[in-house]
Trainee: 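One structure is given below, represented as structure tokens, and several questions about it will come after.
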Amino acid sequence: MKYSKRLSRYLLPTVKEDPKEAEIPSHRLMIRAGMIRKLASGIYEFLPLGWRVVKKVENIIREEMDGIGGQEMIMSAVQPKSLWDETGSGRWYLYGPELIRFTDRNDREFCLGPTHEEVITHIVASNVKSYKELPLLLYQFQMKYRDEIRPRFGIMRAREFYMKDAYSFDRTVEDCRKSYEDNFKAYERIFRRCGLDFVSVEADTGNIGGQSSHEFMVIADTGEEEIAVCRCGYGANTEMAEFRTDDRADGDRQEAVRELEEVHTPGVTTVEEVAGFLKETPKKFIKTLLFRTDDGRHIAAFIRGDHELSEHALKKAASANAIEFIDDDTIKKKLKSSPGFSGPVGLSSSGAAIELYMDSAAAGIVNGISGADRKDYHLRNINVRRDMKADFREGNFRKARQGDLCPKCGGALVFKRGIEVGHTFLLGTKYSESMKAVFVNDQGSEENMIMGCYGIGVTRVVAAAIEQSHDGNGIIWPAPISPFDVLLVQIARDADEFCAELFGKLSEEYEVLWDDRALTPGVKFKDAQLIGIPVQIVIGKKYKETGEVEIQYRKTGEKEFVRPEHISEKLKKRSG
RNA sequence: CGGGGUGUGGCUCAGUUUGGCUAGAGCACUCGGUUCGGGACCGAGAGGCCGUCGGUUCAAAUCCGACCACCCCGACCA
């Protein structure tokens with residue numbers, strides 16, 4: 001017997017009107033379909049129907065994780081600060097206010113886990129000693145806690161969310177690559193099975209750390225991430241995307257090179273303001289961005305005015321782990337420049353200790369405009385190769401954008417929006433080294449374990465599935481993650497017995513929700529569309545006349561009439 | 001945290017500009033009746049110290065102040 005329910009005995013508070021707090025389809029529909037309710041900003045309850053979908057996704061993930069040798073366990077959501085101190089990486093502080101902290105009655109500090117690298121590494125470090133016990137792949141499903149700056153879009157970006165996190169431990173980097181590959185492939189199977197249209201892209205490793213990283217993106221206009229993909233299979237977060245340029249299109253190359261000239265630009269600092277003031281296009285500007293690296297060096301990046309800096313590319317070129325803007329005081333005193341009026345000419349000739357990174361597009365500007373490194377003045381007619389007085393590094397330091405070409409095949413990059421539902425990291429020894437997760441190899445000496453970690457936002461997958469599959473009437477569930485297989489819609493009021501019998505029979509094979517509520521047909525049909533179960537079996541007045549019942553398919557709206565004993569056969573043919 | 005906005009029965013909202021006597025509508029809910037294949041109809045009910053605290057006033061949902069909550073735009077992430 002499958003899990004089946006009568007709707008009259010099921011908590012399914014559907015809502016006719018759009019809730020005003022919800023903007024995007026998934027959020028709206030999850031509330032309207034009685035799946036979730038909000039308890040506080042970014043904190044949601046899952047009602048029975050919503051939780052069933054979460055469990056469907058969870059089970060698919062579980063099967064695939066087990067399939068690659070994963071072992072499920074559960075760690076505490078509560079973590080002691082002392083454990084975080086062990087990494088020596090200062091992650092307790094790096095995580096900042098996003099970490100939900102509290103103290104117990106004895107003033108010991110704890111947090112609610114935003115992720116579990118520290119805990120799992122601790123467990124493995126203290127329980128695994130020999131190369132004979134490796135590799136290991138451990139995973140769990142659990143609520144994670146992040147005090148997001150701005151919770152948004154219902155469960156899409158919540159402060160409490162359900163996540164699958166897996167951690168691999170290997171003897172060698174090659175073995176770890178294999179583990180990474182296994183997980184990567186499992187992710188592809190998982191998202192395919194969930195019926196999602198997705199791509200995997202190269203990604204930044206963020207504050208989890210590590211060497212290699214991929215994000216799994218569900219394609220949706222409402223996605224928060226911008227990704228660049230190519231027909232050849234290349235794909236990357238735009239933050240990361242490499243590209244070849246086709247800047248010939250930009251050329252005012254014929255323009256005659258003119259003499260440097262200082263112009264008075266009182267109080268105008270941003271590219272837009274100065275462009276307006278001087279009546280020039282942003283393409284003529286060299287935007288100057290000043291950073292301090294985590295190891296204390298000063299660097300300047302020069303980007304064309306209409307371009308955006310790729311922090312990733314700059315960090316990579318400068319071999320920095322992190323960069324932050326330089327404060328005004330330092331700009332004045334150490335760099336002998338003026339905040340808001342910095343530019344390549346002054347910075348390269350002042351003798352200040354600063355590394356210079358010039359984006360290729362900016363380098364190619366003829367008679368460009370930039371700050372004059374003194375308050376309220378800009379320089380015009382800058383020609384980088386002529387006017388820069390110190391060595392600089394040239395390269396791509398901007399983000400890819402429309403019109404750029406694929407770095408692999410030279411084809412046109414296509415930009416899409418995506419919802420990040422999964423992220424894989426090849427961590428290496430970042431945690432094992434600091435937390436002494438070591439094993440004894442077959443030579444009898446100690447080595448650090450090589451780690452990987454792999455997350456899937458289970459609740460976000462649910463929201464993403466709805467973003468991708470809905471219409472004006474409601475949700476359209478992909479069959480594998482639908483909360484029920486079949487919705488039995490009883491319209492005829494004198495059909496209780498018939499429906500009860502059919503319900504019992506169908507339940508042997510399908511998870512059935514029987515709408516046995518004493519409501520008017522309109523309400524029941526609308527609710528049926530809203531909650532989006534793929535197959536509806538409607539018992540109306542016709543069943544008595546012809547002995548046939550009606551099957552309606554949510555996705556296409558098609559209807560067909562069959563004898564009750566042929567339902568199963570029909571559905572099999574349909575799905576097969 | 002910066003910018004914008006909203007708080008009035010369970011839900012969606014009117015009323016606030018120009019203070020005034022019992023605070024409204026639709027939906028949902030309860031009871032009775034009529035309906036019964038695409039969010040029905042009639043009748044009768046129940047449900048609100050108008051986000052909170054303080055102030056102005058003869059009188060405050062309405063004016064003033066503080067606070068709180070929530071939503072949207074930016075930096076963070078599964």
Side-chain angles (χ1 to χ4, degrees), chain A residues 13-24 27-28 31-32 34 37-43 57 61 94-99 113-116 141-166 187 190-191 203-208 213-218 223-225 237 239 311 324-325 418-425 453-464 473-474 489-495 515 517-530 536 538-543 550 552 557 559:
Chain A
T14 55
V15 175
K16 184 153 72 170
E17 290 175 89
D18 280 336
K20 68 173 173 182
E21 83 239 32
E23 292 272 307
I24 64 169
H27 188 193
R28 235 171 22 229
I31 292 171
R32 287 194 51 208
R37 285 294 182 268
K38 185 177 68 187
L39 184 60
S41 178
I43 311 282
V57 175
I61 297 171
L94 276 180
Y95 237 100
E98 199 174 311
L99 197 58
T115 174
H116 278 71
F141 292 94
Q142 190 186 49
M143 287 298 178
K144 293 284 190 276
Y145 297 86
R146 293 179 192 174
D147 194 358
E148 291 284 344
I149 298 167
R150 181 148 89 89
R152 223 189 308 205
F153 302 145
I155 61 167
M156 193 76 89
R157 175 186 299 288
R159 294 193 290 179
E160 178 188 65
F161 62 98
Y162 200 54
M163 175 169 161
K164 184 273 326 183
D165 47 324
Y187 273 32
I190 288 164
F191 297 126
D204 202 351
T205 51
N207 66 10
I208 306 276
S213 175
H214 288 88
E215 289 170 340
F216 286 77
M217 297 285 194
V218 168
E224 295 188 82
E225 296 290 327
N237 195 310
E239 183 60 45
E311 277 197 30
E324 58 173 15
F325 283 116
I419 299 165
E420 184 188 353
V421 290
H423 204 151
T424 55
F425 300 87
C453 79
Y454 318 90
I456 293 180
V458 184
T459 39
R460 189 179 275 182
V461 167
V462 173
N473 294 314
V489 188
Q490 179 183 351
I491 298 299
R493 327 205 64 194
D494 53 355
D515 188 353
R517 297 172 303 174
L519 296 172
T520 52
V523 176
K524 302 178 101 170
F525 284 125
K526 287 289 184 189
D527 271 352
Q529 302 220 46
L530 180 58
Q536 300 160 20
V538 182
I539 310 301
K541 57 191 174 200
K542 282 166 201 149
Y543 96 96
E550 175 185 338
Q552 273 195 37
K559 304 175 182 181

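Chain naming here is simple, since letters A, B, ... match the order of the sequence lines and numbering starts at 1 in each.
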Trainee: If pairing requires Watson-Crick or G-U wobble contacts with both distances under 3.5 Å, which nucleotide is the partner of rC70(B)?
Mentor: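 In the structure as shown, rC70(B) has rG5(B) as its Watson-Crick or wobble partner.
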
Trainee: Rounded to whole Å, please give me the gap between CD1 in Ile491(A) and P in rC36(B).
Mentor: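 From Ile491(A) CD1 to rC36(B) P: 13 Å.
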
Trainee: Can you check the distance between rA14(B) and rU6(B), where both ends of the measurement are the C1' atom (answer in whole Å)?
Mentor: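 About 15 Å, rounded to a whole number of Å.
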
Trainee: Taking the nucleotide of RNA chain B with the nearest heavy atom to each, does Pro19(A) or Met156(A) sit closer to the 5' end?
Mentor: Pro19(A)

Trainee: If you check the Val538(A) side chain, which of rC76(B), rG37(B), rA40(B) turns out closest?
Mentor: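 In terms of side-chain proximity for Val538(A), the closest of rC76(B), rG37(B), rA40(B) is rG37(B).
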
Trainee: Check the interface with nucleotides 23-31 of chain B: list each N/O to N/O pair with the protein under 3.5 Å, or write none.
Mentor:
unit_1: rG26(B); atom_1: N2; unit_2: Glu17(A); atom_2: OE2; d: 3.0

Trainee: Rounded off to whole Å, could you give me the NE2-to-P distance for the His214(A) and rA78(B) pair?
Mentor: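 His214(A) atom NE2 is separated from rA78(B) atom P by 15 Å.
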
Trainee: Indicate, with a heavy-atom threshold strictly under 4.0 Å, whether Pro114(A) touches base, sugar-phosphate, or nothing.
Mentor: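 Result for Pro114(A) = nothing.
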
Trainee: Looking only at N and O atoms, is any donor in the side chain of Arg146(A) or the base of rC77(B) less than 3.5 Å from an acceptor on the other one?
Mentor: no

Trainee: Under the 3.5 angstrom rule, does the side chain of Arg32(A) hit a backbone N or O of Thr14(A) as a donor-acceptor pair?
Mentor: no

Trainee: With rounding to the closest Å, how many angstrom separate the C1' atoms on rA44(B) and rC64(B)?
Mentor: 44 Å

Trainee: Tell me which nucleotide, if any, is Watson-Crick or G-U wobble paired with rC50(B) when both distances must be under 3.5 Å.
Mentor: none

Trainee: Regarding Gly422(A), tell me which of base, sugar-phosphate or nothing describes its non-hydrogen contacts under 4.0 Å with the strands shown.
Mentor: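 Sugar-phosphate contact only.
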
Trainee: State whether the distance check finds a donor on one side and an acceptor on the other, under 3.5 Å, for side chain Glu550(A) versus base rG37(B).
Mentor: yes

Trainee: Once you apply a heavy-atom cut-off of 4.0 Å, does Gln142(A) come out as touching a base, just sugar-phosphate, or nothing?
Mentor: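 Nothing, no heavy atom under 4.0 Å.
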
Trainee: As an exercise, state the distance from CZ of Arg493(A) to CG of Leu519(A), rounded to the nearest 0.5 Å.
Mentor: 8.5 Å

Trainee: NA contact type, Asp18(A), heavy-atom cut-off 4.0 Å: base, sugar-phosphate, or nothing?
Mentor: sugar-phosphate

Trainee: To the nearest 0.5 Å, what is the distance between OG1 (Thr115(A)) and NE2 (His423(A))?
Mentor: 11.5 Å

Trainee: Would you check if Phe525(A) stacks with the base of rG39(B), given a 5.5 Å centroid limit and a 30° plane limit, both strict?
Mentor: no

Trainee: Extract all donor-acceptor atom pairs below 3.5 Å that involve side chains of residues 15-22 of chain A and protein atoms in other chains or at least two apart in sequence.
Mentor:
none

Trainee: Rounding to an integer number of angstrom, what distance separates rG48(B) and rG43(B) when you compare their P atoms?
Mentor: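 My reading of the P atoms in rG48(B) and rG43(B) gives 24 Å.
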
Trainee: Distance check needed: rG37(B) P versus Gln536(A) CD, whole Å only.
Mentor: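 Roughly 16 Å, once rounded to whole Å.
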
Trainee: Between rG55(B) and rA59(B), how far is it from one P atom to the other, in whole Å?
Mentor: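 Rounded to whole Å, the distance is 12 Å.
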
Trainee: With a 4.5 Å limit on heavy-atom distance, are the side chains of Tyr543(A) and Val538(A) in contact?
Mentor: no

Trainee: P atom, rU62(B) versus rA75(B): distance in rounded Å?
Mentor: 38 Å

Trainee: Round to a whole Å and report the spacing from OH of Tyr145(A) to P of rA78(B).
Mentor: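 Interatomic distance, OH of Tyr145(A) to P of rA78(B): 17 Å.
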
Trainee: Take the protein atom CD1 of Ile456(A) and the nucleotide atom C1' of rC77(B), then report the distance between them rounded to whole Å.
Mentor: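 So the CD1-C1' distance, Ile456(A) to rC77(B), works out to 16 Å.
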
Trainee: Looking only at atom C1', what distance separates rC11(B) and rG47(B), rounded to whole Å?
Mentor: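 Each nucleotide's C1' atom is 14 Å from the other's.
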
Trainee: Between Ile491(A) and Gly540(A), which heavy-atom pair has the shortest distance, and what is it?
Mentor: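 Closest heavy-atom pair between Ile491(A) and Gly540(A): CB-CA, 4.1 Å.
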
Trainee: Determine the contact category for Ala464(A): base if any of its heavy atoms lies under 4.0 Å from a base atom, sugar-phosphate if only primed atoms, P, OP1 or OP2 are that close, otherwise nothing.
Mentor: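 Nothing, no heavy atom under 4.0 Å.
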
Trainee: Please give the distance between the C1' atoms of rC63(B) and rG24(B) as a whole number of Å.
Mentor: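 After rounding to an integer number of Å, I get 22 Å for this pair.
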
Trainee: Report the nucleotide, chosen from rC77(B), rG39(B), rU35(B), that has the shortest atom-to-atom distance to any side-chain atom of Lys526(A).
Mentor: rG39(B)

Trainee: In this structure, which one of Arg146(A), Met143(A), Arg460(A), Met156(A) forms a side-chain contact (heavy atoms from CB on, under 4.5 Å) with Phe161(A)?
Mentor: Arg146(A)

Trainee: Applying the Watson-Crick and G-U wobble criteria at under 3.5 Å, what pairs with rC63(B)? Answer none if nothing qualifies.
Mentor: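 Paired with rC63(B), as far as the under-3.5 Å criterion goes, is rG55(B).
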
Trainee: What distance do Gln536(A) atom CD and Lys524(A) atom NZ have between them, rounded to the nearest 0.5 Å?
Mentor: 12.5 Å

Trainee: Taking N or O atoms only and anything under 3.5 Å, show me the protein contacts with nucleotides 69-74 of chain B, one pair per line.
Mentor:
unit_1: rC70(B); atom_1: OP1; unit_2: Ser41(A); atom_2: N; d: 2.9
unit_1: rC70(B); atom_1: O3'; unit_2: Lys38(A); atom_2: NZ; d: 3.0
unit_1: rC71(B); atom_1: OP2; unit_2: Ser41(A); atom_2: OG; d: 2.9
unit_1: rC71(B); atom_1: O3'; unit_2: Glu21(A); atom_2: O; d: 3.4
unit_1: rC73(B); atom_1: OP2; unit_2: Arg150(A); atom_2: NH1; d: 3.0
unit_1: rC73(B); atom_1: OP2; unit_2: Arg150(A); atom_2: NH2; d: 2.5
unit_1: rC73(B); atom_1: O5'; unit_2: Arg150(A); atom_2: NH2; d: 3.4
unit_1: rG74(B); atom_1: OP2; unit_2: Arg152(A); atom_2: NH1; d: 3.2

Trainee: Rounding to an integer number of angstrom, what distance separates rC71(B) and rG51(B) when you compare their C1' atoms?
Mentor: 15 Å

Trainee: Base, sugar-phosphate, or nothing for Arg32(A), non-hydrogen atoms under 4.0 angstrom?
Mentor: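 Counting heavy atoms under 4.0 Å across all strands, the contact made by Arg32(A) includes a base.
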
Trainee: rU12(B), rA78(B), rG37(B): which one has an atom nearest the side-chain heavy atoms of Arg460(A)?
Mentor: rA78(B)

Trainee: For Arg517(A), what residues pass the salt bridge (Lys or Arg N to Asp or Glu O under 4.0 Å) criterion, not counting sequence neighbours?
Mentor: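 Salt bridge (Lys or Arg N to Asp or Glu O under 4.0 Å) list for Arg517(A), sorted by chain: Asp515(A), Asp527(A).
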
Trainee: Please name the nucleotide paired to rG45(B) by Watson-Crick or G-U wobble geometry with both distances under 3.5 Å, or report none.
Mentor: rC29(B)

Trainee: Please identify each residue that fulfils ring-ring contact (aromatic ring centres under 6.0 Å, His included) with Phe141(A), with sequence neighbours left out.
Mentor: Tyr139(A)

Trainee: Nearest whole Å is fine: how far is rC76(B) P from Phe161(A) CZ?
Mentor: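 In whole Å, rC76(B) P and Phe161(A) CZ are 16 Å from each other.
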
Trainee: Does rA23(B) have a Watson-Crick or wobble mate here (both distances under 3.5 Å), and if so which one?
Mentor: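 The base-pairing partner of rA23(B), which may sit in any strand shown, does not exist here.
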
Trainee: Which whole-number value in Å describes the distance from His423(A) NE2 to rC76(B) P?
Mentor: 14 Å

Trainee: How close do Ala158(A) and Gly42(A) get, heavy atom to heavy atom, and via which atoms?
Mentor: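 Scanning both residues, the minimum pair turns out to be CB-O, 3.3 Å.
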
Trainee: How many whole angstroms separate atom CZ of Phe216(A) from atom C1' of rC77(B)?
Mentor: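 Distance check: Phe216(A) CZ to rC77(B) C1' gives 17 Å.
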
Trainee: Could you name each residue pair satisfying side chain to side chain donor-acceptor pair (under 3.5 Å) that touches residues 156-165 of chain A, not counting sequence neighbours?
Mentor: Glu58(A)-Tyr162(A), Gln140(A)-Asp165(A), Lys144(A)-Asp165(A), Tyr145(A)-Glu160(A), Asp147(A)-Arg159(A), Glu148(A)-Arg157(A), Arg157(A)-Glu224(A), Lys164(A)-Tyr187(A), Asp165(A)-Tyr167(A)

